[in-house]
Number of protein chains: 2
Amino acid sequence: MPTIYDVAALAGVSPATVSRVLNGIPVSLDRAQRVRDAAEALSFTPNRAARTMRNRHSEIIALVIPDIENPFFTAIARGVEDVAQSAGFSVVLCNTDDDTAKEARYLSIAVSENMAGVILASADPSVDLSRLQRLDRPIVAVDRVPLGWLIDSVVLDSAAGGRDATEALYAQGFRRIACITGSPSVPNSAERADGWREVVHRHGDDNETYLRHSNSRVEGGRAAMHELLSLASPPDAVFVANNLMGVGALQALADAELTPKDVGVAVFGDLPSSVRPPTDVIVIPQQTRRLGESAARLLLERIDGDTEPARTIVLPSVPREPHAKSV
Amino acid sequence: MPTIYDVAALAGVSPATVSRVLNGIPVSLDRAQRVRDAAEALSFTPNRAARTMRNRHSEIIALVIPDIENPFFTAIARGVEDVAQSAGFSVVLCNTDDDTAKEARYLSIAVSENMAGVILASADPSVDLSRLQRLDRPIVAVDRVPLGWLIDSVVLDSAAGGRDATEALYAQGFRRIACITGSPSVPNSAERADGWREVVHRHGDDNETYLRHSNSRVEGGRAAMHELLSLASPPDAVFVANNLMGVGALQALADAELTPKDVGVAVFGDLPSSVRPPTDVIVIPQQTRRLGESAARLLLERIDGDTEPARTIVLPSVPREPHAKSV
DNA sequence: TTGTAAGCGTTATCAG
DNA sequence: CTGATAACGCTTACAA
């Protein structure tokens, strides 16, 4: 593995000059050319570990997500990658499997590898970020905001998602609208239910018995939907708070040999592309990719030395309206 | 960020002693304890960049895959992670999006970051691995074997998969069995078709007009299935060579308001968990997770200094039979 | 066993 | 503009 010393020797210049050429610092034209030729000849690539050590941080961003199999998070990853790569950073994905210990491990690695920054969708609302904060390492929360830390965050407008979905069901003539969401202790889940409740009340209804908190994945949605369908007086429609639960709810519907024509279904979030939603399912799209893009931009600013107070970006749920309408 | 010098000062020992404790090299008991206490007190974590530079390689394995949204690859990732983590290595995922340039970029980063090794499912059968080979960096190919390089590889038994699926269809009484597979220039695709052809011939049939090469993802499977269904004399069953194409084929079937009872379907590979296969679909499972585990084990051996000639491991398609039967 | 010191490959400072 | 030189934090001969 050649070093800048080898390149310098071959080019007949000092190592410092090689470093300058590599980093775009002005150098006389002929020397620059000699360096480039020499580097080419040796197929030299800078040793990033050395560079990291010297610079105090690498050119790598860690994206720590709970479930690599959930298209919601992989879409975020796409957004992050796009922005990061065009700024010259690479993104590595760290899959925590919703396991707190694994997450802690990856966070620790990000620190000790001197990665440029971390974008985190935490498995644990009460994750400990003290070390990252103390060391002043750039970190941005995406989709899930850890409690009690002043950090940049980017989230979807969950309440609006719940409202929009529920309104859409009312607009189609449904009246007894249920809600399937995740644990009430998770802000996203709670806010989506709040949005649903708000609209239900506005229409003069009170469907609190139709509210189901369940595990946020497919099985949870499925189980909750089964429950709702077996009520003495079942709902005529349901708002489902996320994509995977949506898949589960549709499965339960199919199990009961029903379709979204029989029982209305509105899902907040795009279904996995391998799932073909039956016709008439209402999908309230999420700006998932933009979630990643915004997080990456925020992070890049911090890496660049921005020291503004922590910001929170709430992305509106309506596509084609990237920015909230201002007055 | 404290260094071993800080720890050493606090513990009243030399930096070398700190390093020894950290690396499990024998040190007198009381000193060891003092070092641990000091490290604890400073919440010290070794700087991995420095360690990497000194040791010539890090404790990180890069897993480079073409599509993070395909459960086939994420299952591999699980297997890799399990084995790697229990050996003290961390895994970072690099998503190439089947983009040759992105892949080259990640491979280059793996080298210049001095990562311990690379597990690669390449987007490009003729990927250039000369640099990795020249620098003697451990690399293992998984699922997709790059052409022309002597490197360790782990693959599924594609021909057996094709045979098993086709046999299963014959066993259910189907006779005009089609095959939907990927590009003939991709070994996996070709071999799966070979397996199908072998069984078809063995049954005295010749269904070559029922062979469809298509793009290896959902759309490809769907388009191919549509084509087959619209033939003047359509097949009565179809073998589909991978999971995503399987999803597409099932979609096409549903489009035509048919079920796998009408047209038999056998898929080599588990369908995404968000897809509920209609009853009667035959799924020939793949040992996907084990694919990752084996690749990781192979890689770890190389990292450990193993210099045996390159090996190729072919995993049998039958589950519960991890090892090929020996005589 | 323990400490001292050199060196891994870069970049930044400081003279020239 | 250019070159020597000193770090960056860690491991490992080598000496004690």
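Not measured: the values here are computed from a predicted model. Chain letters run A, B, ... following the sequence lines, proteins first, then strands; residues in each count from 1.
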Check: A:Asp67/A:Asn95 side-chain N/O donor and acceptor closer than 3.5 Å: no
D:dC8 phosphate, OP1 or OP2, under 4.0 Å from A:Asn55 side-chain N/O: no
Length of the line joining A:Arg48:CZ and C:dT10:C1', which is rounded to integer Å: 13 Å
Interatomic distance where OH belongs to B:Tyr5 and P belongs to D:dC8 [whole Å]: 10 Å
Below 4.0 Å: OP1/OP2 of D:dT2 and any side-chain N or O of A:Ser28: yes
Shortest side-chain distance from A:Asn23, nucleotide among C:dG9, C:dT11, D:dC10: C:dT11
Qualifying side-chain hydrogen bond (donor to acceptor under 3.5 Å, both in side chains) pairs, either residue in residues 46-55 of chain A, two or more places apart: A:Asn47-B:Asn114, A:Arg48-B:Glu113
Whole angstrom value for the distance that separates C1' of D:dT2 from CD1 of A:Ile25: 12 Å
Carboxylate-amine/guanidinium contact B:Lys102 A:Glu81, below 4.0 Å: yes
Separation of atom CG in B:Asn47 from atom P in D:dA7, rounded to whole Å: 18 Å
Gap between atom CD1 of B:Ile68 and atom CG of A:Leu93 - 0.5 Å precision: 4.0 Å
Atom-to-atom span, CD of A:Glu59 to C1' of C:dT10 - whole angstrom: 13 Å
Sugar-phosphate, base or nothing in reach of A:Pro46, heavy atoms under 4.0 Å: sugar-phosphate
Salt-bridge criterion met for A:Glu301 and A:Arg311 (N-O under 4.0 Å): yes
Residues, nucleotides or ligands: over 12 heavy atoms within 6.0 Å of A:Leu135 CG: yes
Residues within residues 7-21 of chain A bordering DNA chain C, heavy-atom distance below 4.0 Å: A:Ala16, A:Ser19, A:Arg20
Spacing between B:Arg56 atom CZ and D:dC10 atom P, to the nearest angstrom: 18 Å
B:Arg31 side chain near C:dG3 phosphate (N/O to OP1/OP2, under 4.0 Å): yes
Contact summary for A:Arg144 and A:Ala123, nearest pair of heavy atoms: NH1-CA, 3.8 Å
Length of the line joining A:Asp30:CG and D:dC1:P, which is rounded to integer Å: 12 Å
Closest-nucleotide 5' rank along DNA chain C - winner of B:Ala50 and B:Val27: B:Val27
A:Arg51 side-chain N/O to C:dG9 phosphate OP1/OP2 under 4.0 Å: no
Under-3.5 Å donor-acceptor pair between A:Arg54 side chain and C:dA12 base: no
Whole angstrom value for the distance that separates C1' of C:dT10 from NE2 of A:His57: 14 Å
